[in-house]
Amino acid sequence: MLHARQKKTTPAEDILRAFKGAKSILISGHIRTDGDSLGSMIALAHLLNRAGFKAVAAGERREELGAPGFLRGTERLIRPAAAAKMRFDLLVTVDCGAVDRLPPPLQNAVKTCTVVNLDHHVTNTRFGTFNWVDPKASSTGEIVWRLARKAKWALDDIAAEALWVAIITDTGRFAYDMTKPATLRCAADLLRYGVRTPFINDTIYASFSAVNIELKRRAFKTLEILNHGEIASVTLTRKDFEAAGGAKVDAEDVIDIPRSLAGNRVALCFYESRENPLETRVSIRTHTPLDATVLAKRFGGGGHPRAGGCTINAPLRQARKLVLEAVREWLHD
């Protein structure tokens with residue numbers, strides 16, 4: 001007697017089943033939260049609560065979140081250290097490519113909880129119990145929207161604005177090559193819920209703090225152009241951050257300085273760690289057809305084809321030398 005073939009389930013179906021079996025849900029993005037990570041966290045926590053689930057999101061204080069920190073829902077975030085002391089049976093990670101990209105206090109939760117991993121990084125390590133990783137998606141926010149539609153959760157203006165910020169920040173306001181027809185269908189649906197597009201655009205892209213402008217001024221002075229403009233870089237030191245009274249979250253768009261150079265192929269921004277002088281963070285942007293993850297993975301990092309990053313365990317000067325040599329070799333090859 002033949003047995004009926006068991007129906008194969010989709011990632012969305014597995015994840016929704018995991019939600020139904022969970023008594024308490026914790027949602028976390030990656031360290032140094034950006035718009036996609038924050039927007040996805042806020043939207044998912046809000047939608048789950050409206051659907052009757054007990055869910056909280058963990059993140060930094062509003063003043064540490066940068067431009068997307070205006071989103072409604074940030075006031076309900078709990079600090080990662082506080083969340084680590086609480087009991088949860090399901091952990092949802094959003095926009096987080098690997099366990100070591102989670103806030104350190106929450107990394108152990110991967111061993112004690114069922115883990116749902118929602119992401120669009122091509123370098124994601126699939127560390128979840130259930131993984132919905134779609135490198136073709138414009139953003140994790142788009143994946144959360146798909147999940148909400150699959151679950152038939154009712155969207156509202158709070159969730160829609162959070163997902164809108166997630167999508168526009170990762171697509172450069174629908175300008176980057178990961179913007180697909182599906183992305184615009186998602187965006188069109190979100191607009192039905194009263195997303196304040198002019199306000200959001202002005203808040204994120206046309207209103208800069210004095211700290212941000214001072215960091216850009218200092219970065220401009222370090223602009224280095226190599227290989228006839230193919231390589232361009234800027235640098236921010238600990239002294240720059242201290243003098244400006246800011247942190248890396250205040251300098252997220254500084255990478256646009258080298259990236260905007262005509263003819264540029266690889267743009268780099270080097271950040272000297274304020275906490276550890278033997279650690280240097282590097283933001284990477286590339287133009288087609290170069291894949292930023294090729295360079296980022298060489299130094300233990302990851303990201304997307306046009307935007308990547310890594311942390312190098314070396315002082316700033318040494319890290320710059322290592323990366324620039326690698327880029328020259330890469331372009332030569």
Side-chain angles (χ1 to χ4, degrees), residues 32 34-36 97 120-124 135-136 138-139 168-180 205 208 212-241 248-273 279-333:
R32 296 185 287 278
D34 61 8
D36 189 19
H120 71 129
H121 288 86
V122 68
T123 52
N124 189 286
K136 294 182 179 180
S138 68
S139 56
I168 66 168
T169 52
D170 256 29
T171 63
R173 290 177 283 184
F174 310 108
Y176 300 156
D177 57 3
M178 289 308 296
T179 303
K180 308 295 185 196
Y205 297 106
F208 304 106
N212 175 267
I213 292 173
E214 173 61 16
L215 288 171
K216 286 177 182 173
R217 186 186 71 82
R218 289 171 174 269
F220 259 116
K221 292 170 68 175
T222 71
L223 179 63
E224 184 176 9
I225 300 171
L226 304 167
N227 280 40
H228 306 289
E230 286 188 321
I231 307 168
S233 72
V234 291
T235 301
L236 288 170
T237 67
R238 282 189 300 157
K239 289 184 178 179
D240 289 325
F241 285 112
K248 187 178 181 296
V249 70
D250 300 301
E252 292 298 326
D253 58 347
V254 167
I255 187 66
D256 292 337
I257 294 172
R259 186 177 182 274
S260 63
L261 179 69
N264 175 254
R265 300 182 70 195
V266 181
L268 304 163
C269 186
F270 296 93
Y271 307 87
E272 186 176 31
S273 172
E279 182 179 271
T280 303
R281 295 169 187 157
V282 188
S283 289
I284 306 163
R285 299 292 183 271
T286 58
H287 289 276
T288 306
L290 295 177
D291 185 342
T293 64
V294 172
L295 181 62
K297 286 193 288 187
R298 181 165 177 170
F299 296 98
H304 309 290
R306 303 291 160 261
C310 58
T311 298
I312 299 176
N313 294 318
L316 178 60
R317 182 174 295 184
Q318 182 181 345
R320 275 180 50 81
K321 183 179 179 182
L322 288 170
V323 173
L324 289 173
E325 287 178 352
V327 172
R328 287 192 184 96
E329 177 186 322
W330 186 31
L331 294 184
H332 178 73
D333 290 343

(request) Report the distance from atom CG of D170 to atom OG1 of T179, rounding to the nearest 0.5 Å. (result) 10.0 Å

(message) Quick check: closest heavy atoms across A319 and F270, and the distance to 0.1 Å?
(response) O-CE2, 4.2 Å

(request) Output the distance between atom CG (N264) and atom CD1 (I225), rounded to the nearest 0.5 Å. (result) 9.0 Å

Donor-acceptor pairs under 3.5 angstrom involving side-chain atoms of residues 283-291: please list them, not counting sequence neighbours.
| from | atom 1 | to | atom 2 | distance (Å) |
| --- | --- | --- | --- | --- |
| T286 | OG1 | L290 | O | 2.9 |
| T286 | OG1 | P305 | O | 3.0 |
| T288 | OG1 | R306 | NE | 3.3 |
| D291 | OD1 | T293 | N | 2.9 |
| D291 | OD1 | T293 | OG1 | 2.7 |
| D291 | OD2 | T293 | OG1 | 3.2 |

(request) Starting at OG1 of T171, measure out to OH of Y176 and round the result to the nearest 0.5 Å. (result) 8.0 Å

(request) List in chain and number order the residues that pass side chain to side chain donor-acceptor pair (under 3.5 Å) with D34, two or more places apart in sequence or in another chain; answer none if no residue qualifies. (result) H30

(message) Taking the basic N atoms (NZ, or NE/NH1/NH2) and the acidic carboxylate oxygens, is any pair closer than 4.0 Å for R217 and E214?
(response) yes

(request) Output, in order, the C-alpha distance, side-chain angles, deciding distance and verdict of salt bridge (Lys or Arg N to Asp or Glu O under 4.0 Å) for K216 and D256. (result) CA-CA 10 Å; K216 286 177 182 173; D256 292 337; over 6 Å; no

(request) Compare every heavy atom of G309 with every heavy atom of A296, then report the nearest pair and how far apart it is. (result) CB-O, 3.6 Å

(message) Looking at every non-hydrogen atom in both residues, tell me the closest pair between T169 and Y205 and how far apart they are.
(response) CA-OH, 3.5 Å

(request) Report yes if some heavy atom in the side chain of L268 is under 4.5 Å from a heavy atom in the side chain of L295; otherwise report no. (result) yes

(message) Between K180 and D177 (side chain of the first, backbone of the second, donor and acceptor by atom type, cut-off under 3.5 Å), is there such a pair?
(response) yes

(message) Within the structure provided, determine whether L322 and F299 are in side-chain contact (heavy-atom separation under 4.5 Å).
(response) yes

(request) Please examine the side chains of C310 and V282, heavy atoms only from C-beta on, and report whether any two atoms are closer than 4.5 Å. (result) yes

(message) By the salt bridge (Lys or Arg N to Asp or Glu O under 4.0 Å) test, which pairs, at least two apart or in different chains, include something from residues 221-234?
(response) E224-R320, E230-R265

(message) With heavy-atom distances below 4.5 Å as the criterion, would you say the side chains of T235 and D240 are in contact?
(response) no

(message) Once rounded to the nearest 0.5 Å, what's the spacing between atom CG of L223 and atom CZ of F220?
(response) 7.5 Å

(request) Start with the C-alpha distance between H120 and M178, add both sets of side-chain angles, then the distance that settles side-chain contact (heavy atoms from CB on, under 4.5 Å), and finish with yes or no. (result) CA-CA 11 Å; H120 71 129; M178 289 308 296; 5.9 Å; no

(message) Can you give me the closest heavy-atom contact between I255 and E252, atom names plus distance?
(response) CG2-O, 3.8 Å

(message) So does D250 get a backbone contact from the side chain of N212, meaning a donor-acceptor N/O pair under 3.5 Å?
(response) yes

(message) Looking at every non-hydrogen atom in both residues, tell me the closest pair between A292 and G308 and how far apart they are.
(response) CB-N, 3.7 Å

(message) Using every non-hydrogen atom in the two residues, find where P258 and V254 come nearest and quote the distance to one decimal.
(response) CD-O, 3.5 Å

(message) Taking the side chain as everything from C-beta on, heavy atoms only, tell me whether F174 gets closer than 4.5 Å to I168.
(response) yes

(message) To the closest 0.5 Å, what do you measure between NZ (K321) and CD1 (I312)?
(response) 13.5 Å

